[in-house]
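Here is the structure we will look at, set down as structure tokens.
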Protein chains: 2
Amino acid sequence: MELQLLDQLHSRRRFFPARQDMIYEGQIERSAYILASGWVCSYKLLPGGTRQVVDFQIPGDFLGLRSVLFRKADHNIEPITRVQASEVQVCDLLEAVNTAPRLGAALLWAASRDEAMVVEHLVGIGRRDAKQRMAHLLLELGARLKLVGLASNDGYTCPLTQYLLADALGLSAVHVNRVLRELREDGLVTFQQSKVTFGDFDGMVAFSKFDRHYLDHDGPLMTWPGGGPSSIQMLTGLPGP
Amino acid sequence: MELQLLDQLHSRRRFFPARQDMIYEGQIERSAYILASGWVCSYKLLPGGTRQVVDFQIPGDFLGLRSVLFRKADHNIEPITRVQASEVQVCDLLEAVNTAPRLGAALLWAASRDEAMVVEHLVGIGRRDAKQRMAHLLLELGARLKLVGLASNDGYTCPLTQYLLADALGLSAVHVNRVLRELREDGLVTFQQSKVTFGDFDGMVAFSKFDRHYLDHDGPLMTWPGGGPSSIQMLTGLPGP
DNA sequence: CGAGGGTTTGACTTGAGTCAATTCTGGTGG
DNA sequence: CCACCAGAATTGACTCAAGTCAAACCCTCG
């Protein structure tokens, strides 16, 4: 029954060209999306023109939850590549949650997982140096992509520019370039031609003190009778690894 | 009826001495708290001994939601002062949510508001310089304290040390001291003897580009029939301003 | 009144930013 | 198929914000 509802949520599938905001700060019409293909980033603009990328989302991610819950979106969401996504409208979502309370639990859990990721990002920017931050980010993206079958331990395809990396890591684009060169010279990772290639995966993990624990908290605490797939997979309909 | 449930949540009231963790990373017993008096901070430790304070909580704040939803707490929570708080146990919370679905909506909304605050913090650390970050933090704390009647536009009592400020802002304690001196010399704020005193409130707002918008998103989208108080106030039982 | 946090300051170092010039690349239209 | 262009990546030289180290100082509370 919940599955049926989820199918409905997936009904309105749309395409978005790169660089044209799907959601912008202050927007009133509220809708969320489930990413089917392509990458997007959520960011905030500061007076002064600089911006801070809060997170990147990849296929399978649910995005814009906060813009649905609040009256107005409090951040922007922009496709990095051409993107295919299922629109989820407020009313549908509300209805679904009312009909299937466990879906609400899954949402709450998903929101918390989101927050955990933002917290990890915060910690990185606050207390790690540029090189570690970069290594950490590349590993995190790899781990997340692997969950949906888009990466291996060797590496993955990555459409991010050095400007985007800079805005995510709180660095300047120039410094991003220097840091990437250092990592390459250390034989840890190579990021060229839109490809991330790990030269020494274990070395990366050790160097960046990467602990993927925060990515895979177990599913929602209100367990499904019969122990189905994790809530996030139910939500997004993507297969596991 | 919901009110009755909330009363139950407030039943187990406890005291905690300063500096002794209420929740620590990896902890299995899961419980959350509603802060009645005193200040606490939630933080993460990094290998290497440094730490990053994610947020401070003040009376009326609900804390530890993520530590309840996940199997293990993913961060630490430490009282800064002696603290009085009502313990909320997982089972009670679950029961309450099951009995009153709207409470679940309120929780979801509260979690999102939390995330919005962390995002704002992230943006600050990523893209604002030390002086602006400090000004912004002092204003934010002021705004939040005013909501529960603990601050005026003139200032407030603040138990934070310069070390705590440093760990929150991603700075060194020494630099925090210098930045506070500069702000004082500019006539914007004074922070001495555990008192924050605004010298030029409007100047502060202008200088730090403070926009309190993110603090007061309107209540949960599933509105209470009859339009009662906002969910957060319902949750915490504290009066509005 | 002494001790131990917490605060202040100065002197020096360093990670990261800025500016500016080149080179590389992928995509486009002729 | 190729010349061309815009955006992206690279690199060097210089600057500056913030960190580190170290030494006082100063509350406050037992």
Side-chain angles (χ1 to χ4, degrees), chain A residues 17-19 39 41 46 48-53 78 80-82 124-135 137-138 157-186 189-197, chain B residues 17-20 39 41 46 48-53 78-82 124-135 137-138 157-186 189-197:
Chain A
R19 280 141 194 290
W39 292 43
C41 71
L46 284 91
T50 61
R51 73 170 179 176
Q52 175 66 45
V53 168
E78 177 187 272
I80 293 167
T81 63
R82 177 177 155 81
I125 292 195
R127 287 301 183 203
R128 280 194 266 260
D129 67 18
K131 210 167 157 186
Q132 281 196 349
R133 262 181 257 175
M134 177 64 76
L137 175 61
L138 294 180
T157 297
C158 176
L160 303 180
T161 67
Q162 295 182 354
Y163 288 88
L164 277 168
L165 289 171
D167 284 341
L169 298 174
L171 300 170
S172 67
V174 173
H175 200 58
V176 161
N177 184 286
R178 286 195 270 253
V179 164
L180 283 175
R181 172 154 54 79
E182 286 180 46
L183 288 171
R184 195 185 327 131
E185 287 169 355
D186 294 348
V189 243
T190 302
F191 186 168
Q192 272 168 338
Q193 267 83 53
S194 301
K195 294 250 181 326
V196 173
T197 314
Chain B
R19 279 140 195 288
Q20 180 185 316
W39 291 44
C41 71
L46 284 91
T50 60
R51 75 170 177 176
Q52 175 66 45
V53 168
E78 178 188 272
I80 293 168
T81 63
R82 178 177 153 81
I125 291 195
R127 289 301 185 203
R128 279 193 266 259
D129 68 18
K131 210 167 158 186
Q132 281 195 348
R133 265 182 257 174
M134 177 65 76
L137 175 61
L138 295 179
T157 297
C158 176
L160 303 180
T161 68
Q162 295 182 354
Y163 286 89
L164 278 168
L165 289 172
D167 284 340
L169 298 174
L171 300 170
S172 67
V174 173
H175 200 58
V176 161
N177 184 286
R178 287 195 271 253
V179 164
L180 283 175
R181 173 154 53 80
E182 285 180 48
L183 288 171
R184 195 185 326 132
E185 287 169 354
D186 294 348
V189 240
T190 302
F191 185 170
Q192 271 168 339
Q193 267 84 50
S194 301
K195 291 251 181 329
V196 172
T197 314

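Throughout, protein chains are lettered first and strands after them, A, B, ... in sequence-line order, and every chain is numbered starting at 1. Since the model is a prediction, treat every value here as computed from it, not as a measurement.
For the pair B:Glu185 CD and C:dT9 P, the interatomic distance rounds to 8 Å; values are reported in whole Å. Protein atom CD of B:Glu182 is 14 Å distant from nucleotide atom C1' of C:dT8, rounded to whole Å. Summarising the geometry, the separation between CG on A:Leu180 and P on D:dT11 is reported as 11 Å, rounded to the nearest angstrom. Straight-line distance from the CG atom of B:Leu165 to the P atom of D:dA18: 15 Å, rounded to whole Å. Rounded to a whole Å, the CD atom of B:Gln193 is 10 Å from the P atom of C:dT7. Across the protein-nucleic acid pair, B:Tyr163 atom OH and C:dT8 atom P stand 12 Å apart, rounded to whole Å.
Comparing the start and finish of the helix from C:dC1-D:dG30 to C:dG30-D:dC1, five pairs each, the helix axis swings through 40°, to the nearest 10 degrees.
Side-chain atoms of B:Leu180 and B:Met134, non-hydrogen and from C-beta on, do get closer than 4.5 Å to each other. Residues B:Val189 and B:Val196 are in side-chain contact: their nearest non-hydrogen atoms beyond the backbone lie under 4.5 Å apart. Counting only heavy atoms from C-beta outward, the side chains of B:Tyr163 and B:Val176 never approach each other to under 4.5 Å. A:Arg51 places none of its side-chain heavy atoms less than 4.5 Å from the side chain of A:Leu46. When side chains are defined from C-beta on, B:Gln192 counts as touching B:Arg184, because their heavy atoms get closer than 4.5 Å.
If you find the closest nucleotide of DNA chain C to B:Arg19 and to B:Arg181, the one lying nearer the 5' end belongs to B:Arg19.
In this structure, A:Arg127 contributes its side chain and B:Leu171 its backbone to a donor-acceptor pair below 3.5 Å. Although no hydrogens or angles enter the test, the distance criterion places a donor-acceptor pair under 3.5 Å between the side chain of B:Gln52 and the main chain of B:Asp167. Of the possible polar contacts, none joining the B:Arg128 side chain to the B:Arg133 backbone as a donor-acceptor pair under 3.5 Å is found.
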Next item on the list: Produce a footprint string for nucleotides 12-23 of chain C: one letter per nucleotide, 5' end first; B if the base is under 4.0 Å from any protein heavy atom, S if only the sugar-phosphate is, - if neither.
Entry: ----BBBB----
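In this structure, B:Gln162 reaches the C:dT8 phosphate: one of its side-chain N or O atoms is under 4.0 Å from OP1 or OP2. Between A:Asn177 and the phosphate of D:dA9, there is no side-chain N or O to OP1/OP2 separation shorter than 4.0 Å. The side chain of A:Gln192 contributes an N or O atom lying less than 4.0 Å from OP1 or OP2 of D:dT10.
Atom CG of A:Leu183 is separated from atom CZ of A:Arg178 by 14.0 Å, given to the nearest 0.5 angstrom.
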